[in-house]
Amino acid sequence: MLNALLPSGVAVSELFTDPLHIDLHPQEAAVVARAVDKRRREFAAVRLCARTALRQIGVPPGPILPGPKGAPQWPDGVIGSMTHCDGYRAAAVARRETIASIGIDAEPHAALPDGVEKLTALPEERMALTRLAVTHPRIHWDRLLFCAKESVYKAWFPLTGRWLDFMECIITPDPERHTFTADLTVPGPVVAGDRISRFTGRWHAGGDTRHVVTAVTVPWPARRPRADAFSARKMS
């Protein structure tokens, strides 16, 4: 599902069922040593996806540990994102010289639990969801909006190191093009000298899948040389 949502240069790996056994690096195994079985399985499976994707861009697989705020710590020169929900695990990675940041998210294609929409959608977004539910009733738009905000956050965090609240971006889905925009209501990240106030993404939902999937990529500003765009410096 994800390959169609991401540009060339981004490697993707997906799983719809978990292998019976997945080897973890000792450091990774220590992270989930006391976790329940479901958490251990999703942690291991999404890292299998990540290592598979890393091989596609020629990066040797190694441990992928969560950082202080939970975001995965990628190898030097790599950016990426991971997601997991029931029946789906995925990772997307790229060389940092190619793309500034990536965010992906997947959710069950079903209505949000009662009360969640009010906590995650702005009034203008909720009005738009009501209209979309009438014109395109086969899509659970509340879940798609939630999923889009998650992918925006995963692309935002590596560029800022800061939390982004659900109410700090406005998602506008395009039901015909299967795209969305995310307009930030707080100062956006500075990428190669340019401040970013809008993220763009793509989505897939419905059809023969039980999931809604969203993806955001933040490109380097076209007017700046890519080699000069990056200085040193990630979400399960």
Please say which of Trp156, Phe157, Tyr153 ends up in a ring-ring contact (aromatic ring centres under 6.0 Å, His included) with Trp163.
->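 Exactly one option meets the ring-ring contact (aromatic ring centres under 6.0 Å, His included) with Trp163, and it is Tyr153.
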Mind checking whether [X] and [Y] have side chains closer than 4.5 Å, heavy atoms only?
| X | Y | result |
| --- | --- | --- |
| Thr214 | Phe180 | yes |
| Leu159 | Val218 | yes |
| His204 | Met1 | yes |
| Pro158 | Ile79 | no |
| Pro7 | Ile99 | yes |
| Arg195 | Pro187 | yes |
| Leu6 | Thr217 | yes |
| Leu54 | Ile64 | yes |

Any chance you could measure [X], atom [atom1], to [Y], atom [atom2], to the nearest 0.5 Å?
| X | Y | atom1 | atom2 | answer |
| --- | --- | --- | --- | --- |
| Asp194 | Ile196 | CG | CD1 | 6.0 Å |
| Ser13 | Arg89 | OG | CZ | 12.5 Å |
| Ile102 | Arg96 | CD1 | CZ | 10.0 Å |
| Cys85 | His211 | SG | NE2 | 4.0 Å |
| Ile22 | Leu48 | CD1 | CG | 5.0 Å |
| Arg177 | Asp174 | CZ | CG | 6.0 Å |

Within 6.0 angstrom of [X] [atom1], more than 12 heavy atoms from elsewhere:
| X | atom1 | answer |
| --- | --- | --- |
| Met127 | CE | no |
| Arg34 | CZ | no |
| Asp114 | CG | no |

Can you hop from [X] to [Y] via hydrophobic side chains spaced under 4.5 Å?
| X | Y | value |
| --- | --- | --- |
| Val186 | Ile171 | yes |
| Val59 | Val93 | yes |
| Leu122 | Val152 | no |
| Leu15 | Val12 | no |
| Trp220 | Val190 | no |

Working for side-chain contact (heavy atoms from CB on, under 4.5 Å), residues Arg47 and His25 = CA-CA 10 Å; Arg47 277 158 178 76; His25 289 267; over 6 Å; no
Main-chain N/O of [Y] paired to [X] side chain as donor or acceptor, under 3.5 Å:
| X | Y | answer |
| --- | --- | --- |
| Arg143 | Ala110 | yes |
| Trp141 | Ala128 | no |
| Ser101 | Ala155 | yes |
| Ser81 | Ile104 | yes |
| Trp203 | Val213 | no |
| Thr83 | Ala106 | yes |
| Arg51 | Gly62 | yes |

So, are Glu42 and Lys38 salt-bridged, with charged N and O less than 4.0 Å apart?
->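 Salt bridge: yes.
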Arg41 charged N/C atom sitting above Phe43 aromatic ring, 6.0 Å / 45° =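 Here Arg41 fails the 6.0 Å and 45° test against Phe43.
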Looking only at non-hydrogen atoms, find the nearest pair between [X] and [Y] and report the distance.
| X | Y | result |
| --- | --- | --- |
| Ser151 | Val216 | OG-CG2, 3.6 Å |
| Leu184 | Pro189 | CD1-CD, 4.0 Å |
| Pro66 | Gly70 | CB-O, 3.8 Å |
| Leu5 | Ala215 | CB-CB, 4.0 Å |
| Gly9 | Ala94 | O-CB, 3.5 Å |
| Lys69 | Gly161 | NZ-O, 3.1 Å |

Who else is in Leu112's hydrophobic cluster (ILVMFWY, side-chain heavy atoms under 4.5 Å, direct or via others)?
->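 Members other than Leu112 - counting any ILVMFWY side chain reachable under 4.5 Å - are Val116, Phe146, Phe166.
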List for me each residue that meets side-chain contact (heavy atoms from CB on, under 4.5 Å) alongside Ala35, sequence neighbours excluded, and say none if there are none.
->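 Result, side-chain contact (heavy atoms from CB on, under 4.5 Å) vs Ala35: Val32, Arg39, Arg40.
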Full working for side-chain contact (heavy atoms from CB on, under 4.5 Å) between Leu65 and Glu28 | CA-CA 6 Å; Leu65 302 174; Glu28 294 172 330; 3.8 Å; yes
Yes or no on side-chain contact (heavy atoms from CB on, under 4.5 Å) for Arg210 and Asp86, after CA distance, side-chain angles and deciding distance?
-> CA-CA 10 Å; Arg210 296 178 292 115; Asp86 287 347; 5.8 Å; no
With sequence neighbours left out, which residue pairs that include part of residues 124-133 fulfil the side chain to side chain donor-acceptor pair (under 3.5 Å) condition?
->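 Residue pairs with at least one partner in residues 124-133: Glu117-Arg126, Glu125-Lys149.
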Taking atom types as modelled and ignoring hydrogens, do the side chains of Glu107 and His140 form a donor-acceptor contact shorter than 3.5 angstrom?
->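 No, no side-chain donor-acceptor contact under 3.5 Å.
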